[in-house]
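Positions are given from 1, in the same order as the sequence printed here.
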Amino acid sequence: IFYGMRRVPCIVAGIKAAIKYRRRFGIYTEPRVLEGASGAMRLAQSLLTEGRLRKHADFVLAIGAHGRRWFRWAGYAESRLFPAAYFLDLRGAYAKFSPSAHAEEVPNVAFLGRMEPLKGFDRFLQSIPQIRNPVRILTAGSGSLAGRAEELARSTANFSYAGVIPMSTVPEFLSEIDILVLPSITMDDGWGAVVSEALMAGAAIVTSDKVGASMCLVGGKRGLVVPPHSAPAIAQAIDALIDQRLLGSEHRLERSRWAAEHLDQAAGAAYLLRVFDHLYAGRERPAGFL
């Protein structure tokens, strides 16, 4: 299995060798960004240059909500396309944090990651005054808009900014929040690993439909998907999760269990074996990892 298909010399050479020596192989990758003129050029490039991959790759593990669509448009056979996620060590990383432990009266709403317009951080800040319910805002990360977070932390009582936090403390940070917001305005978020981690911690999610992990939010109990660029939609989604009483202990536990069963590394390995059984042992095609 090759993680990616271009740019990394050892991957490019490895794929060529697998084709030359007729080895079984597959690709595990995010879709390329399909937006604007640059997206159209990427699609044209894939159509023109990936003929040997389309012919010889046994399967593509296409990451995120937009993965399979990209590869269909790039000419890959539907029978070889399988939805996929970034499967992380969620059980191990979050074992010491109880998803039912956080029960603050005022919900904690958080943004964690790159504080950039492409991540929708400016829209998140614009949404805060539009939230009807009392909330506390927790932010952490870095980027060109980090200065605005610092200013708000100094001037606003219910707003805090933790700066850049070590990866080792991310589980603790997420265990203290009720709602994670990731309102990216571009499909550059092929998955969005922080969504998986927040679900494991028991938090609900508000994300744009550009984020690959938005596919985890079907049904509404794990979170809500909003259109990009819309600060009012972010605020309305946060209020909806609060108004529907989806932040209590029972729902936190349910989200955590769901993440462990579908997004953990062990769940990903079991899913991969089902894909292999289908391709090489003639068994039924797996429905997917969700």
Side-chain angles (χ1 to χ4, degrees), residues 64-66 85-86 99 102 104 106-141 143 145 148-149 152 158-161 170 173-248 251-252 254-256 258-259 262-263 290:
H66 310 292
Y86 282 128
H102 181 68
E104 297 288 345
V106 177
N108 289 331
V109 178
F111 181 99
L112 171 63
R114 290 193 288 122
M115 296 173 165
E116 300 288 350
L118 288 178
K119 292 289 186 177
F121 185 64
D122 53 344
R123 298 298 194 276
F124 172 63
L125 295 181
Q126 293 164 14
S127 75
I128 294 170
Q130 303 179 53
I131 301 171
R132 290 185 292 98
N133 288 280
V135 295
R136 278 190 293 267
I137 306 297
L138 282 59
T139 61
L145 300 178
R148 291 178 60 183
L152 285 168
N158 69 334
F159 190 103
S160 69
Y161 172 54
V170 167
F173 179 89
L174 294 176
S175 71
E176 293 296 322
I177 74 170
D178 296 287
I179 301 172
L180 175 82
V181 181
L182 181 60
S184 299
I185 65 171
T186 172
M187 286 187 286
D188 188 52
D189 264 318
W191 181 251
V194 69
V195 172
S196 300
E197 295 183 277
L199 286 170
M200 187 65 196
I205 310 296
V206 173
T207 185
S208 79
D209 57 12
K210 298 289 188 179
V211 177
S214 62
M215 67 192 298
C216 297
L217 307 183
V218 175
K221 288 189 176 182
R222 291 184 290 276
L224 296 171
V225 181
V226 298
H229 303 285
S230 177
I234 296 169
Q236 291 164 15
I238 292 169
D239 280 322
L241 292 169
I242 297 171
D243 293 342
Q244 294 171 24
R245 302 180 182 275
L246 293 175
L247 307 182
H251 292 293
R252 292 184 69 89
E254 183 179 339
R255 284 189 286 267
S256 181
W258 184 90
H262 294 84
L263 304 176
L290 298 181

If you compare all heavy atoms of [X] against all heavy atoms of [Y], which two are closest, and at what distance to 0.1 Å?
X      : Y      : answer
Val225 : Ser208 : CG1-C, 3.8 Å
Gly143 : Glu116 : CA-OE2, 3.3 Å
Phe173 : Ala110 : CE2-CB, 4.1 Å
Arg252 : Asp178 : NH1-OD1, 3.5 Å
Gly220 : Leu241 : O-CD2, 4.1 Å
Arg255 : Lys221 : NH1-O, 2.9 Å

Can you check whether [X] reaches [Y] side chain to side chain, under 4.5 Å on heavy atoms?
X      : Y      : value
Leu246 : Arg222 : no
Lys119 : Phe111 : yes
Asp122 : Arg148 : yes
Ile242 : Ile179 : yes
Tyr161 : Leu138 : no
Phe159 : Val135 : no
Trp191 : Cys216 : yes
Leu290 : Met215 : yes

- Pair Ile238-Asn133, side-chain contact (heavy atoms from CB on, under 4.5 Å): steps then yes or no: CA-CA 9 Å; Ile238 292 169; Asn133 288 280; over 6 Å; no

Is the backbone N or O of [Y] less than 3.5 Å from a side-chain atom of [X], with the two atoms forming a donor-acceptor pair by type?
X      : Y      : value
Thr139 : Ala149 : no
Thr186 : Asp188 : yes
His66  : Asp209 : yes
Ser230 : Pro227 : no

- For the atom pair CG (Leu112) and CG (Leu182), what is the distance rounded to the nearest 0.5 Å?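 Nearest 0.5 Å value for the CG-CG distance: 9.5 Å.
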
- Task: Would you give the length of the straight line joining atom CZ of Arg123 to atom CD1 of Ile234, rounded to the nearest 0.5 angstrom?
- Result: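 Result: 8.5 Å between the selected atoms.
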
- Task: Give the ring-plane orientation class for His262 versus Trp258, where under 30° counts as parallel, over 60° as perpendicular and anything between as tilted.
- Result: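 Aromatic pair His262/Trp258 classed parallel.
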
- Message: Which residue is it: Val206, Leu224, Thr207? I am looking for the one with a side chain to side chain contact (heavy atoms under 4.5 Å, CB included) to Leu217.
- Response: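 It is Thr207; the other options fail the test.
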
- Task: Answer yes if the side chains of Arg136 and Asn108 hold a donor-acceptor pair under 3.5 Å, and no otherwise.
- Result: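 Looking only at side-chain atoms, Asn108 and Arg136 do form a donor-acceptor pair, the distance falling under 3.5 Å.
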
- Does the salt bridge (Lys or Arg N to Asp or Glu O under 4.0 Å) test come out yes or no for Asp243 and Arg132, once each step is laid out? CA-CA 10 Å; Asp243 293 342; Arg132 290 185 292 98; 2.5 Å; yes

- Task: Check the pair Leu199 / Leu263 against side-chain contact (heavy atoms from CB on, under 4.5 Å), numbers first and verdict last.
- Result: CA-CA 9 Å; Leu199 286 170; Leu263 304 176; 4.2 Å; yes

